[in-house]
There are 2 protein chains.
Amino acid sequence: MGKRTSAAEVAELAGVSRTTVSFVLNNVPGMRISEETRQRVLQAAQLLNYHPDSTARRMVTGQTKMIGFVLRQSPDQAFGDHFLPQVLHGMSHAVSAQGFHLVFEIIPPEDQGGVYMKLINERHVDGIVLSGPRSDDAELLRACEQGANIVLAGQIPGQKIPYVDVNNIDGAKIATRHLISLSHTRIGMITNAPLAYTASADRLAGYRAALDEAGLAYDETLVRLGDFTMDSGYKAMDDLLTIDQRPSAVFVASDTVALGALQAIQNAGLQVPQDIAICGFDDIPLAKFLNPPLTTVQLPAYGLGWAAADLLIRMILNKEIINPYVLLGTELVVRSSCGAPERP
Amino acid sequence: MGKRTSAAEVAELAGVSRTTVSFVLNNVPGMRISEETRQRVLQAAQLLNYHPDSTARRMVTGQTKMIGFVLRQSPDQAFGDHFLPQVLHGMSHAVSAQGFHLVFEIIPPEDQGGVYMKLINERHVDGIVLSGPRSDDAELLRACEQGANIVLAGQIPGQKIPYVDVNNIDGAKIATRHLISLSHTRIGMITNAPLAYTASADRLAGYRAALDEAGLAYDETLVRLGDFTMDSGYKAMDDLLTIDQRPSAVFVASDTVALGALQAIQNAGLQVPQDIAICGFDDIPLAKFLNPPLTTVQLPAYGLGWAAADLLIRMILNKEIINPYVLLGTELVVRSSCGAPERP
DNA sequence: GAATCTTATTAACACGTGTTAGCAACGCGG
DNA sequence: CCGCGTTGCTAACACGTGTTAATAAGATTC
């Protein structure tokens with residue numbers, strides 16, 4: 001590993017002071033440097049292959065120019081995580097556009113101690129995006145109280161901490177409206193998760209809102225709870241098929257859960273969409289390869305990452321913030337599982 | 001944002017020098033500190049909620065305790081990346097086990113300038129794991145020449161740069177052997193990518209080796225080239241089906257490509273595995289949900305991430321390195337697309 | 001010709017830590 | 001009383017940079 005070259009060595013080679021080197025290389029405005037010395041400095045820097053030491057720069061500026069992305073996830077969950085790569089792309093773009101870097105950290109789901117707070121406390125980063133926040137995370141609340149730069153990916157109900165999230169209510173509304181527009185009047189729903197999860201409750205609320213605005217009655221005998229897994233979807237749908245006057249369409253608030261529901265329908269000898277229409281949520285990569293291809297609501301994964309990082313950096317730089325509570329819109333991806341004509 | 005507390009303030013509160021604070025908090029061996037002052041310092045530190053500033057520490061130790069993970073990937077590719085989350089889990093574990101942190105950076109596929117080298121040059125990190133290295137990357141070769149700490153995820157043929165990779169030859173051998181063990185003698189192959197890619201050439205080599213050891217002749221009329229996509233798999237398989245004496249089994253060196261191949265087979269009115277057996281490579285999440293579920297070779301994504309980070313950190317810390325060229329083994333996942341009885 | 005302004009450059013400080021070399025106090029053998 | 005080892009602690013340096021205040025030389029003004 002070749003010795004690093006410091007600004008002092010560049011200064012010596014160019015025959016000027018280290019201060020001048022700094023002024024030239026940083027293009028400090030207001031500092032009068034003659035064109036001749038400017039060139040000498042630039043050449044010397046190039047010749048010595050000089051790169052300023054970010055650590056020393058952090059020391060004096062007080063900024064690390066780094067943000068953390070803390071992901072609460074078990075290794076098991078990782079296998080089924082279809083969106084992380086896109087989220088990371090979004091973050092990476094936003095981050096490098098501002099000259100920042102991204103520190104990535106995974107913490108176990110059960111962690112409550114706020115291990116990740118070391119990132120801020122020891123000043124490895126200027127702020128963090130926290131994915132999967134827990135409402136019982138005392139460290140988190142205290143840190144936000146003290147003005148730490150934190151943006152949530154997801155929400156904690158009741159807490160006014162800046163966040164970026166999907167507009168789940170709206171997404172569910174769009175999906176349900178689609179089913180209604182296809183003349184369905186008995187529309188079932190299977191949630192993506194227990195209602196303790198904000199996203200789950202919101203998607204249920206969106207479903208109800210769509211029924212309301214169409215003048216359809218909400219019938220809770222048509223609603224079942226999923227819990228992330230295919231299995232839960234299978235059971236829920238199996239159950240829905242046994243009631244008399246079974247629904248002619250179902251909105252399943254998670255593609256993974258919908259996968260199970262689809263199997264239950266087909267195992268019962270029924271056809272999708274002829275006998276039952278089904279609409280999912282998330283648009284996982286697999287959705288378009290299902291048989292039939294699944295109509296679903298697209299999760300704006302890239303946008304989530306981008307918006308979260310951008311908001312956080314605005315906070316760090318004290319830039320103007322229009323709205324610290326960002327809800328991203330969704331889009332319906334029409335395929336053939338609802339019987340609608342495919343849109344190009 | 002509350003003012004940070006420095007070691008000096010802790011020292012003042014405890015009534016000792018800053019040096020003593022440093023000795024106590026770092027448990028410096030050989031330094032005699034009386035139990036009484038030790039306690040005073042610890043209490044003061046706790047009371048003031050002191051956390052040492054990593055930047056200042058970096059300054060004096062010369063180590064950043066960070067490694068970079070540079071991923072060469074376009075946003076389009078991200079959607080089809082099924083392994084990144086697992087790779088990151090592996091890295092994250094290895095990294096935090098050694099008290100390091102991970103800096104994540106994405107660069108566009110066409111980048112040749114070595115933008116990512118800024119991570120090392122400006123000393124943001126102590127070393128990097130580079131995914132998707134290009135053999136025409138001049139910056140990379142020069143940096144390695146100069147002794148930079150770099151580990152490749154993947155290989156550059158002919159260059160002796162430390163790397164971690166899947167044992168593609170072995171994986172392909174295992175897959176082909178499986179087909180042979182099911183009494184197939186005319187076994188076709190569709191590669192995952194053009195042969196310029198090491199992984200692709202190696203998987204082809206493994207396929208040939210398995211044929212060899214079974215005494216089966218290599219017949220290049222049974223081999224087609226894929227290029228990552230489903231479409232390429234569809235075309236390749238469609239083509240294979242037209243030759244006389246079509247193969248009774250096919251090894252497709254990528255699950256995604258196999259997806260297309262499967263469609264081609266089924267569109268031709270043939271049954272899998274009755275008419276043609278098919279074995280994939282990668283074990284993407286979707287594989288087990290295909291119809292029929294796809295027998296395939298599991299890519300050790302978690303292990304790749306772990307091993308790469310671990311090797312890099314060993315290099316950084318000058319620890320003993322048994323072998324800087326790591327090839328990870330694979331495992332066959334038997335499902336029903338080859339007609340073998342499923343293993344539990 | 002003295003006073004003032006402009007131009008080009010630099011000396012010196014600050015950031016917060018790890019660490020080496022050294023200092024004062026004390027006990028103990030002679 | 002002197003010399004010496006031990007114990008407990010600290011002063012001072014180093015790390016590489018950004019930035020403020022100051023300096024010297026030359027140009028301009030009155």
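Reminder, nothing fancy here: chain letters follow the sequence lines and each chain counts from 1. Bear in mind the structure is a predicted one, so any value in this text is a computation, not a measurement.
- Salt bridge B/Asp310/B/Lys319: absent, no basic N to carboxylate O contact under 4.0 Å.
- Under 4.0 angstrom from either OP1 or OP2 of C/dT7 there lies at least one side-chain N or O belonging to A/Arg32.
- As judged by a 4.0 angstrom heavy-atom cut-off over every strand, A/Thr20 is placed among the base-contacting residues.
- Of the listed residues (A/Thr37, A/Val16, A/Leu42), just one forms a side-chain contact (heavy atoms from CB on, under 4.5 Å) with A/Val24, and that residue is A/Leu42.
- What separates CD of B/Glu12 from C1' of D/dT10 is a distance of 16 Å, to the nearest Å.
- In this structure, A/Tyr50 reaches the D/dT17 phosphate: one of its side-chain N or O atoms is under 4.0 Å from OP1 or OP2.
- Under the 4.5 Å side-chain criterion, counting only non-hydrogen atoms from C-beta, B/Phe69 is in contact with B/Val87.
- Here the nucleotide nearest the side chain of B/Val16, chosen from D/dA12, D/dG16, D/dT10, is D/dT10.
- Counting only heavy atoms from C-beta on, A/Ser34 has its side chain closest to C/dA8 among C/dA8, D/dT17, D/dA12.
- Per the geometry, CZ belonging to B/Arg40 stands 11 Å off C1' belonging to D/dC9, to the nearest Å.
- In this structure, A/Asp137 pairs ionically with A/Arg72, as a charged nitrogen and a carboxylate oxygen lie closer than 4.0 Å.
- Between the side chain of B/Arg123 and the base of D/dG16 there is no donor-acceptor pair of N/O atoms closer than 3.5 Å.
- Here C/dG16 presents its C1' atom at 17 Å from CD of A/Gln63, a figure rounded to the nearest Å.
- Counting any heavy atom pair closer than 4.0 Å across all strands shown, A/Ser22 reaches a base atom.
- A ring pair (Phe, Tyr, Trp, His ring centres under 6.0 Å) with A/His93 is found for exactly one of A/Tyr302, A/Phe100, A/Trp306, namely A/Tyr302.
- Distance, A/Leu48 CG to D/dG16 P: 14 Å, rounded to whole Å.
- An OP1 or OP2 oxygen of D/dC9 is reached within less than 4.0 angstrom by a side-chain nitrogen or oxygen of B/Thr37.
- Looking at heavy-atom distances under 4.0 Å, B/Val28 makes no contact with the nucleic acid at all.
- Atoms CE (B/Met31) and C1' (C/dT20) sit 8 Å apart, rounded to a whole Å.
- Between B/Thr19 and the phosphate of D/dT10, there is no side-chain N or O to OP1/OP2 separation shorter than 4.0 Å.
- Across the protein-nucleic acid pair, A/Met59 atom CE and C/dG16 atom P stand 6 Å apart, rounded to whole Å.
- Atom CD in A/Gln39 sits about 16 Å away from atom C1' in C/dA8, given to the nearest Å.
- Judged by closest nucleotide on DNA chain D, B/Gly15 is the one of B/Gly15 and B/Val60 placed further toward the 5' end.
- Here NE2 of A/His124 is found 10.0 Å from OG1 of A/Thr64. Values are rounded to the nearest 0.5 Å.
- Among the heavy atoms of the strands, none lies under 4.0 Å from A/Thr55.
- Side chain of B/Phe23, nearest nucleotide from C/dT20, C/dG16, D/dT17: C/dT20.
- Residue contacts shown for A/Arg58 are absent, as no nucleic acid heavy atom lies under 4.0 Å away.
- Atom CD of A/Glu122 is separated from atom C1' of C/dG18 by 15 Å (rounded to the nearest Å).
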